[in-house]
Amino acid sequence: MIFAVAFRHWWVANKSMKRIHEENNGFGRSHVLPDHFKVLFQLISAGLVTIILLYSSFLRTGPSYPLIPRDYFAQHFKSQSVHGNISASVQNVIEALRNATPRAAENSSQIVIDPAWSEKNPCRSRAELTGFYSERRYAKNLGENLEWEAVMSEYEKLHHACIQKIGNATSYFLSKNNSSACKFVIAHSNLGLGNKILTTVSTFMYAIMTQRVMLISSKTFIPDIMCEPFYQSSWRLPEDFPMPDQSPDLWSSEDSIFSHIERTTKDKVVSSTGLYAVKSGETYAAPSSRLFCSTELNQADDIPWVLLAGCMYFLPRLFSVPHFRPALEALFPDYMVLTHVLRSIMLPADPIWARVLSARKAYLQGADRMVGIQVRYREGYDHYTSTRSEIEARIQQCTIENGLLPIPDRRGWAWSSSRLPMATCAPTIKVFVASLFPSFHDRLHETYIQYPTIGGENVAVIQLSFNQYQSVHLEEDKKALMEMLLLSYADDLIVTPTSTFGGVAQAYGALIPWFINFNTENRTEAPNCLRGQTVDVCYQKGPEIYHCPHDPDTNGKSITSEVPYIQRCLTIDGYKDIKGGIQLITSN
């Protein structure tokens, strides 16, 4: 019907063109359109009419969204060919996720697709976040990773099937029903936002490698400040979900796994003991490193629920697992796993993203170069008042010594009429400061207001907040996320050692940072700052030796020797009792 109407409009247009041609000839005009222009005009007219009719038909009837039958996933996966450009080890991960998905969907009458899901869960940052990194003039952006995107796509199908099948997670957990064939891992941290983000990212990679579905508690505030990352489903646990601190009798510790292994490795712990839910990790620590030994991973494989708690980033430990390593190396040959995962699942929700866009447009756009500086005094106000003069002098000297900021010209009496800044051509450098205290911003601002630079550059210094005291609540996390992202858009980044706030910013931005020297004991030989060795964040206090008593091939060996791209963190990236650790050495 639509095409018949379109043909009629083409015929009418053709008749009109003939009439115009005849009328033009009748008035003696010689500039008649050539034949090929007539044909082009007719085709365009017919095409436009067809598009309008199709679109109006769509508006009247709407799209058709059939329910997906229960064997959809199995049929889809069987028919889908292996991607030619995906390595065999990555394909194994994809196949493991694919195999888990039809099992999860088995006996489900329908896997329903909600056509309004994207409208209910809007997320502008999904499309816009990464693009701004390409606008930087000096810092190189990270290219796309098609293999990682393929893995993410398969994981989303598993997540969707499991979440829809179990319905209410609280009821399902309390029923101790394991008929879904789904396995879950909960990411949980209740400290600062940087800790929560890094714990969640680490847990997600564990979920990928073990084919678990990752969920996250609302108490972390992460679901409130981030978009829903997995299409057609949610990662948010219900408010009444029984967490270990509220219902400790429902959870076992990882010692249940370890003690079972001491008795026997022939039988799985679930079949022998009925183990249902295991928690690993404490508030100020990472999950037990032994949990990532091959024997322990095999024993924990069919435990329905695992909760990984704490405040530490532990992702580098996954690369040391022998049977994980080939796939992880193939997925992330540059070892930029943290940046890829952050940009995939840690997408700021629209209200926070609007703040980022507004602040960027108002204060940071138009810069020829942007420098980010994150300053944190770990021991609070007293630490700040006793060391700020020395630390701020070090930071300022660090920016000069390493060419991050221009040299103030202090030779003359500040500005003079002969040394006013040029109206045009002078490059503009913008400095974004993130700190609980305003004094470093004020110091830097006064320097560049009072003195011209030797090269004639213009320097603007911006700080959006200074709360003096760190607190843990929703509004604080919203502001923190905004400032982390603004820091990540810098060309150069200076951060505080051991601070996960700065660590998240460097990872989002794919930046190798400069570490401020906070050591006030050795004042003569210590540098003002030191360049990092990698984009990756330090797994603080992470093990350098395999402690895997039931894995004779690795037990007692050096992780950094067995896996050369895992190395000790720099000494400067520590503070008092927070010393040592391991990290991935990225190749960018």
Side-chain angles (χ1 to χ4, degrees), residues 100-101 103-114 117 120-121 155-191 196 199-200 203-204 206-208 210-254 256-257 269-270 273-283 287 300-310 345 349 472-474 477:
T101 304
R103 287 199 303 270
E106 190 177 0
N107 299 322
S108 289
S109 58
Q110 304 280 348
I111 299 295
V112 180
I113 297 292
D114 181 1
W117 187 89
K120 297 173 184 175
N121 300 276
Y155 172 80
E156 284 185 340
K157 296 182 181 80
L158 174 62
H159 195 105
H160 179 206
C162 285
I163 294 304
Q164 184 154 320
K165 184 164 186 180
I166 68 170
N168 181 277
T170 301
S171 300
Y172 180 82
F173 177 85
L174 292 174
S175 71
K176 294 196 173 182
N177 179 356
N178 193 30
S179 61
S180 71
C182 295
K183 302 178 298 181
F184 300 90
V185 60
I186 298 172
H188 187 66
S189 176
N190 54 10
L191 295 179
K196 290 185 283 194
T199 299
T200 303
T203 303
F204 182 62
Y206 170 82
I208 290 284
T210 58
Q211 297 81 57
R212 291 182 177 272
V213 169
M214 187 185 76
L215 299 172
I216 189 165
S217 169
S218 303
K219 298 177 178 65
T220 64
F221 302 135
I222 293 288
D224 296 308
I225 65 173
M226 301 292 184
C227 297
E228 287 284 2
F230 310 124
Y231 183 64
Q232 288 292 327
S233 52
S234 177
W235 62 349
R236 182 194 294 263
L237 281 170
E239 296 282 349
D240 61 350
F241 188 87
M243 299 295 285
D245 55 343
Q246 301 163 321
S247 305
D249 55 314
L250 299 177
W251 293 85
S252 304
S253 76
E254 69 265 24
S256 302
I257 302 172
V269 63
V270 171
T273 68
L275 196 60
Y276 180 70
V278 170
K279 175 201 170 187
S280 181
E282 300 299 332
T283 301
D301 182 60
D302 53 357
I303 297 174
W305 292 85
V306 173
L307 185 144
L308 300 182
I345 70 170
V472 180
H473 55 80
L474 180 57
D477 279 3

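What you see below is based on every heavy atom in this structure, not just the backbone, and it leaves out hydrogens, waters and symmetry mates. Just so it is clear, the structure is predicted and the values come from calculations on it, not from any experiment.
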Determine the minimum heavy-atom distance between [X] and [Y], stating which atoms define it.
| X | Y | result |
| --- | --- | --- |
| G310 | T199 | O-OG1, 3.6 Å |
| I216 | P223 | CG2-CG, 3.6 Å |
| A169 | P238 | CB-CD, 3.8 Å |
| E228 | S234 | OE2-OG, 2.6 Å |
| A207 | M214 | CB-CB, 4.1 Å |
| A300 | I257 | CB-CD1, 4.0 Å |

List in chain and number order the residues that pass side-chain contact (heavy atoms from CB on, under 4.5 Å) with [X], two or more places apart in sequence or in another chain; answer none if no residue qualifies.
| X | result |
| --- | --- |
| S218 | R236, E239 |
| Y276 | F173, K176, P304, W305 |
| S233 | H159, H160, I163, F230 |
| V270 | D302, I303 |

Between [X] (side chain only) and [Y] (backbone N and O only), is there a donor and an acceptor less than 3.5 Å apart?
| X | Y | answer |
| --- | --- | --- |
| T220 | N190 | no |
| K165 | C182 | no |
| Q232 | D114 | yes |
| S175 | Y172 | yes |

Atom [atom1] of [X] and atom [atom2] of [Y]: how far apart are they, to the nearest 0.5 Å?
| X | Y | atom1 | atom2 | answer |
| --- | --- | --- | --- | --- |
| T200 | L308 | OG1 | CG | 10.5 Å |
| I222 | W235 | CD1 | CH2 | 6.5 Å |
| H188 | D245 | NE2 | CG | 5.5 Å |
| Y206 | Q211 | OH | CD | 10.5 Å |
| T101 | L158 | OG1 | CG | 4.0 Å |

Check whether any side-chain heavy atom of [X] lies under 4.5 Å from a side-chain heavy atom of [Y], and answer yes or no.
| X | Y | answer |
| --- | --- | --- |
| D477 | K196 | yes |
| L307 | F184 | no |
| L474 | I225 | yes |
| K183 | D301 | yes |

S171: what forms a side-chain hydrogen bond (donor to acceptor under 3.5 Å, both in side chains) with it, not counting sequence neighbours?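 With neighbours one apart ignored, the set is N168.
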Report the C-alpha separation of V185 and T210 in whole Å, then their side-chain angles, then the decisive distance to 0.1 Å, and conclude whether the side-chain contact (heavy atoms from CB on, under 4.5 Å) test is met. CA-CA 10 Å; V185 60; T210 58; 5.9 Å; no
Between side-chain atoms of residues 246-253 and protein atoms elsewhere (two or more places apart, or another chain), which donor-acceptor pairs fall under 3.5 Å?
residue	atom	partner	partner atom	Å
Q246	OE1	M243	N	3.4
W251	NE1	P242	O	3.0
S253	OG	D255	N	3.2

